[in-house]
Amino acid sequence: MSADKPFTLGSSKYNQDTFSGRFQHFLDVIDPRTLLTSDQQLQDSLKLLKSYQDGTISPTVTNSELWKAQKIKQAIIHPDTHEKIMMPFRMSGFVPFGTPIVVGLLLPNQTLVTTVFWQWLNQSHNACVNYSNRNATQNTSMTDFISGYTGAVTSAVGIALGLNALVKRSTKLSPITRSLIQRFVPFPAVATASVCNVVLMRHSELNTGIEVTDSNNQVVGVSKLAAKKALVETAMTRAFLPAPILLIPPVVMTMLERTKWFPRYPRFNLPMQAFLVTASFGLALPLAIALFPQKSKISVNKLEQDIRDKTSDKVLFYNKGL
């Protein structure tokens, strides 16, 4: 889709009702170049969008400039709090800041200390990303944050150490097979912990609900049923995300190590693994978050009675968070 498509404030230049459209949209969202945006560029973008909203925009401003301004705003400013998201915890920073951690998770011959360290660091980063990109129409207490963080770290470390211990005690496995299996240990640990992280950190939304809006972005009410749907969608996204990142590199590395030339150049091992992780991460992230629309729909007849009584619309919308 061309950037010359007529600009619509708060919308996307790609069709959000299709997976391919959402995938293209989130490629924009995770574009790491927005991390280089200066404060002045951000303020200029916000002023440009404000002038468009107020109807005072110059006729010389192009659709391309408006789409770029909105891309910068969406990459940096939280849609609910309207505050800047810290750089390492933006979706555009997930790949560049997360890749070194994933490389650490996949290093061979992990010790007890290194396993605990990399799992802890990964879940610490994930917890901050989850919190920074949450649905913030209702408050998330620090207790919920700490609960989610503690649960995620505990589950990740516990599963990783448990699986490693089982593999090491498997006397029937050859050393090569044991080493191969250990490479895949991070995936179940990270996937389970990521789901725990989201559920524990955002479970309060099930009690407080989240805002649902009409097609004009006007708040109709606060729904616990919409919160449940949003939490399920986000958990599914988090469960899928680690799969390509933690499965593709070990498979490719195992294939490379069986060639004649690769074992001769051990210094290429880490750079190759870093490249594979970055490529897998860059592909997996937009694929995962494109599974469901950021602004999701829900049928009014699936919501609480008090919300049904407030609107004649058949469909309402909610921000599921990332």
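- Cluster membership check: M236 does not share its hydrophobic cluster with I289, using side-chain heavy-atom separations under 4.5 Å among Ile, Leu, Val, Met, Phe, Trp and Tyr.
- Q24 and D28 form no side-chain donor-acceptor contact under 3.5 Å, judged by distance and modelled atom types alone.
- If you take CZ on R90 and CD1 on I30, they are separated by 15.0 Å, rounding to the nearest 0.5 Å.
- Listed by chain and number, the residues in a side chain to side chain donor-acceptor pair (under 3.5 Å) with K84 are D39 (sequence neighbours excluded).
- No chain of hydrophobic side-chain contacts below 4.5 Å, direct or via other Ile, Leu, Val, Met, Phe, Trp or Tyr residues, connects V199 to I146.
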Original post:
Does the side-chain contact (heavy atoms from CB on, under 4.5 Å) test come out yes or no for I298 and F317, once each step is laid out?
Top reply: CA-CA 6 Å; I298 186 168; F317 303 87; over 6 Å; no
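- Here Y14 and F23 keep their ring centres 6.0 angstrom or further from each other.
- Taking hydrophobic clusters as Ile, Leu, Val, Met, Phe, Trp and Tyr residues chained together by side-chain heavy-atom distances below 4.5 Å, L107 shares a cluster with V277.
- Note that the OG1 atom of T311 and the CG atom of L316 stand 5.0 Å from one another [nearest 0.5 Å].
- By the 4.5 Å heavy-atom criterion applied to side chains, P293 and K295 are not counted as neighbours.
- Residue Q74 holds its CD atom at 13.0 Å from CE of M91, rounded to the nearest 0.5 Å.
- The side chain to side chain donor-acceptor pair (under 3.5 Å) search around K50 returns D54, not counting sequence neighbours.
- A continuous path of hydrophobic side-chain contacts links W118 to V129 [ILVMFWY only; heavy atoms under 4.5 Å].
- Under a hydrophobic clustering in which Ile, Leu, Val, Met, Phe, Trp and Tyr are joined whenever their side-chain heavy atoms come within less than 4.5 Å, directly or via other members, I77 and L48 fall into different clusters.
- Expressed to the nearest 0.5 Å, how far NZ of K302 lies from CG of L225 amounts to 11.0 Å.
- The structure places CG of N126 at 4.5 Å from CG of N122, a figure rounded to the nearest 0.5 Å.
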Original post:
For E65 and F7, what are the C-alpha separation, side-chain angles and deciding distance, and is it a side-chain contact (heavy atoms from CB on, under 4.5 Å)?
Top reply: CA-CA 9 Å; E65 290 173 316; F7 178 75; over 6 Å; no
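- Distance check, rounded to the nearest 0.5 Å: CG of L303 to CG of D309 gives 11.5 Å.
- Atom NZ of K73 has 12 or fewer heavy atoms from other residues, nucleotides or ligands within 6.0 Å.
- Partners of S215 by side chain to side chain donor-acceptor pair (under 3.5 Å), not counting sequence neighbours: none found.
- Residues N319 and P79 have side chains in contact (heavy-atom distance under 4.5 Å, counting atoms from C-beta outward).
- Residues D17 and R22 come closest through the heavy atom pair C-NH1, 3.7 Å.
- Considering only heavy atoms from C-beta on, L35 comes within 4.5 Å of P96 through its side chain.
- Considering all non-hydrogen atoms of both residues, P249 and L106 come closest at CB-CD1, 3.9 Å.
- F89 and H125 have tilted rings, their planes meeting at an angle from 30° to 60° on a 0 to 90° scale.
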